[in-house]
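A short worksheet on the structure shown next.
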Amino acid sequence: MRSIIKSVESAIKKITTNLDTKMVCSSLGPVKLEKNINMTNNLGREILIKREDSIDDFGCGNKLRKLHYILQDVKKKKSDTLISVGSLPSNQCKAVAKVACENGLNCHLIYGGDKQAKPKMAQGNYLLTTLYNPKISWFEHSSWIKLSENLSKIFDDEKNNGHSPYIIESGGSAGLGMLGSIELGFEIISQLQNNNSKKYDVVCAAGSGGTAVGIQMAAEFLDFDLEVHGICIGENADKLSCKATKLKDDTYKMLKLDSKLKKSINFYDCGLGIAYDTPSKEELETMQYAINKYGLIFDINYMVKTFIGMKYLIEKEKIRKNSTIILIHSGGQIGLFDNNDNMIEWYCKNNKDYVM
Ligand SMILES: Cc1ncc(COP(=O)(O)O)c(C=O)c1O
């Protein structure tokens, strides 16, 4: 136990020394890592849940870990306006609006996506986000590439208006944001000292892939037997693997460390379902089952897809035999209350006694 903690400390120290930035690790944690007995019994594997959903009451989850480090760079650069991008269910936009408000910074958010339109009424994540009164620019029915282009346009606009803007890319995994995900990996490993298992398999949602890469890097730093399985939420596995490889290389460069990440991370398409922000009947039933049997709120976008993906990997024996599985509940639970047509249709069909 002591030797693991020592290795963790020295790895963190190495990172922080190289970066020459004052950082506080584990300031958000430690977050509970707990066995879910019903899930363990149902799926026939020991399953621990990393309760990132309990980091705050707003379901910002893993985004806060990343923002904690990004904010230090914002302060260093004396920026006064955070700019970020997302779609209606975005936890990233919500988390950015929250930290901007708490730190006295301005916030300018870009909303859009292929099928995204400004809603008649704000609900769920979008409702919470707007209650922070950020400036919002909507780009309805626009591709993700277009949205990224608009990020730099908004950046220039803010600059021309006399502000000092700071772009936080979608996913929050670029640059210092990755330290939050590495920290998550360190925290998990330090919590496993009293567990009898010899090997671990982590399953997590993969949007930008940052969380998956960060946890895997922590395991590599500490030479700990842990494999990461990222369940793709939006992009397919091939595309995300390429992005994750670049993210890993960039992070090693940023840390001024030799690339040690020998294992490639496994990304899977098995949770993609119909599409992002379009929950299927199976996903909605799984969301209800998780509340009933596991005592967990899975949002209808990220966690429900991740859980279905994990079940598939277990069934198909893609996860190592006799390992302990760690499911990262990365937050986003407020997404259960998002304004979603599929959810409304499914709910009304199945719950006629409760509604008009
Ligand atoms: C709740 C939740 N989990 C996971 C992710 C994905 O994390 P990452 O971008 O690190 O892959 C996101 C954001 O995309 C999210 O909102």
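Just so it is clear, the structure is predicted and the values come from calculations on it, not from any experiment.
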**OP:** Apply side-chain hydrogen bond (donor to acceptor under 3.5 Å, both in side chains) to the pair S173 and K66, showing each step before the final yes or no.
**Re:** CA-CA 7 Å; S173 295; K66 299 174 182 184; 3.1 Å; yes
**OP:** Show the numbers, then the answer: is there a side-chain contact (heavy atoms from CB on, under 4.5 Å) between S148 and V85?
**Re:** CA-CA 8 Å; S148 302; V85 58; over 6 Å; no
**OP:** Before giving the answer on salt bridge (Lys or Arg N to Asp or Glu O under 4.0 Å), spell out for E140 and K118 the whole-Å C-alpha distance, their side-chain angles and the decisive distance to 0.1 Å.
**Re:** CA-CA 7 Å; E140 296 182 309; K118 198 172 185 174; over 6 Å; no
Original post:
Is there a side-chain hydrogen bond (donor to acceptor under 3.5 Å, both in side chains) between K94 and N125 once you walk through the steps?
Top reply: CA-CA 7 Å; K94 176 183 65 189; N125 280 314; 2.6 Å; yes
Original post:
After noting the C-alpha distance and the side-chain angles of E34 and K50, does the key distance pass the salt bridge (Lys or Arg N to Asp or Glu O under 4.0 Å) rule?
Top reply: CA-CA 7 Å; E34 60 189 18; K50 182 64 176 166; over 6 Å; no
**OP:** Could you walk me through whether I83 and I168 pass the side-chain contact (heavy atoms from CB on, under 4.5 Å) test, one step at a time?
**Re:** CA-CA 6 Å; I83 299 175; I168 302 172; over 6 Å; no
Subject >> side-chain contact (heavy atoms from CB on, under 4.5 Å) evaluation trace for V228 with C204 >> reply: CA-CA 8 Å; V228 181; C204 64; 4.2 Å; yes
**OP:** Check the pair L48 / N195 against side-chain contact (heavy atoms from CB on, under 4.5 Å), numbers first and verdict last.
**Re:** CA-CA 11 Å; L48 309 178; N195 195 291; 3.8 Å; yes
**OP:** Output, in order, the C-alpha distance, side-chain angles, deciding distance and verdict of side-chain hydrogen bond (donor to acceptor under 3.5 Å, both in side chains) for N62 and S330.
**Re:** CA-CA 5 Å; N62 66 345; S330 41; 4.6 Å; no
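Here the straight-line distance linking atom CD1 of I110 with atom CG of L147 works out to 7.0 Å at 0.5 Å rounding. With rounding to the nearest 0.5 Å, the separation of CG in N38 from OG1 in T40 is 8.5 Å.
Counting heavy atoms from C-beta outward, E183 and Y69 have side chains that approach closer than 4.5 Å. Under the 4.5 Å side-chain criterion, counting only non-hydrogen atoms from C-beta, D114 is not in contact with W144. The side-chain heavy atoms of E158 and K135, taken from C-beta on, include a pair separated by under 4.5 Å. When side chains are defined from C-beta on, V203 counts as touching T306, because their heavy atoms get closer than 4.5 Å. Taking the side chain as every heavy atom from C-beta outward, I325 and I314 approach each other to under 4.5 Å. Taking the side chain as every heavy atom from C-beta outward, L82 and V74 approach each other to under 4.5 Å. Between N91 and C60, the closest side-chain pair of non-hydrogen atoms is not below 4.5 Å. Looking only at side-chain heavy atoms (C-beta outward), K75 and N103 come within less than 4.5 Å of each other.
Side-chain contact annotation: D80 with Y166, donor-acceptor N/O pair under 3.5 Å absent. No donor-acceptor contact under 3.5 angstrom links the side chains of K199 and T324, judged on distance only. At a cut-off of 3.5 Å, with distance as the only test, no side-chain donor of K153 or N150 sits close to an acceptor on the other residue. At a cut-off of 3.5 Å, with distance as the only test, a side-chain donor of H229 or D201 sits close to an acceptor on the other residue.
Within a 6.0 Å radius of CG in L131, other residues, nucleotides and ligands contribute more than 12 heavy atoms. Summarising the local packing, CG of D57 is surrounded by 12 or fewer heavy atoms from other residues, nucleotides or ligands at distances under 6.0 Å. Atom OH of Y312 sits in a sparse spot, with 12 or fewer heavy atoms from other residues, nucleotides or ligands closer than 6.0 Å. Counting non-hydrogen atoms of neighbouring residues, nucleotides and ligands closer than 6.0 angstrom, the NZ atom of K98 exceeds 12 such neighbours. Around the CG atom of N351, the shell of radius 6.0 Å holds more than 12 heavy atoms that belong to other residues, nucleotides or ligands.
Centroid-to-centroid, the aromatic rings of H108 and F155 stay 6.0 Å apart or farther. In summary, the aromatic rings of Y289 and Y294 are positioned with their centroids under 6.0 Å apart.
Remark: the backbone N or O of N340 is not paired with any side-chain donor or acceptor of D338 at under 3.5 angstrom. Side-chain atoms of S90 come within 3.5 Å of backbone N or O of Q92 as a donor-acceptor pair. Of the possible polar contacts, one joining the R45 side chain to the S323 backbone as a donor-acceptor pair under 3.5 Å is found. Proximity of a side-chain donor or acceptor of T278 to a complementary backbone N or O of I274 within less than 3.5 Å is not detected. Checking side-chain atoms of K305 against main-chain N and O of L272 turns up a donor-acceptor pair under 3.5 Å. Between the Q116 side chain and the S142 main chain, no donor and acceptor come within less than 3.5 Å of each other. Under a 3.5 Å cut-off, the side chain of N161 and the backbone N or O of H163 do not form any donor-acceptor pair. Within the 3.5 Å criterion, the main-chain N or O of E227 finds no donor-acceptor partner in the side chain of Q216.
Among residues two or more places apart in sequence or in another chain, the salt bridge (Lys or Arg N to Asp or Glu O under 4.0 Å) test is passed with K281 by E285.
Among all heavy-atom pairs drawn from P119 and N339, the shortest one is CB-ND2, 4.4 Å. Residues V31 and S54 share a closest heavy-atom pair of CG1-OG, 3.7 Å. Between L313 and C270, the shortest heavy-atom contact is CD2-SG, 4.1 Å. Among all heavy-atom pairs drawn from L33 and I188, the shortest one is CD2-O, 4.3 Å. E169 and S84 make their closest contact through O-OG, 4.4 Å (heavy atoms, listed as atom of the first residue, atom of the second, distance). Nearest heavy-atom pair across L240 and G207 is CD1-O, 3.3 Å.
In this structure, Y276 and Y302 have perpendicular ring planes: the angle between them is above 60°, well past the 30° mark.
Ion pairing between a basic and an acidic side chain is recognised when a charged N comes within 4.0 Å of a carboxylate O; K246 and D250 show such pairing. Taking the charged nitrogens against the carboxylate oxygens, E52 and R65 do have a contact shorter than 4.0 Å, which makes a salt bridge. A salt bridge links R320 with D225; the closest basic N to acidic carboxylate O contact falls under 4.0 Å.
Cluster annotation: L176 is connected to L184 through the hydrophobic network of ILVMFWY side chains, with a link wherever side-chain heavy atoms come within less than 4.5 Å. Under the 4.5 Å side-chain heavy-atom criterion for ILVMFWY residues, no single connected hydrophobic cluster contains both L88 and I233. Under the 4.5 Å side-chain heavy-atom criterion for grouping Ile, Leu, Val, Met, Phe, Trp and Tyr, L284 is connected to F307 within one hydrophobic cluster. I328 and L43 are members of different hydrophobic clusters when ILVMFWY side chains are connected at heavy-atom separations under 4.5 Å. Put simply, M254 and F186 are part of the same group of oily side chains (I, L, V, M, F, W, Y) that touch within less than 4.5 Å, one to the next.
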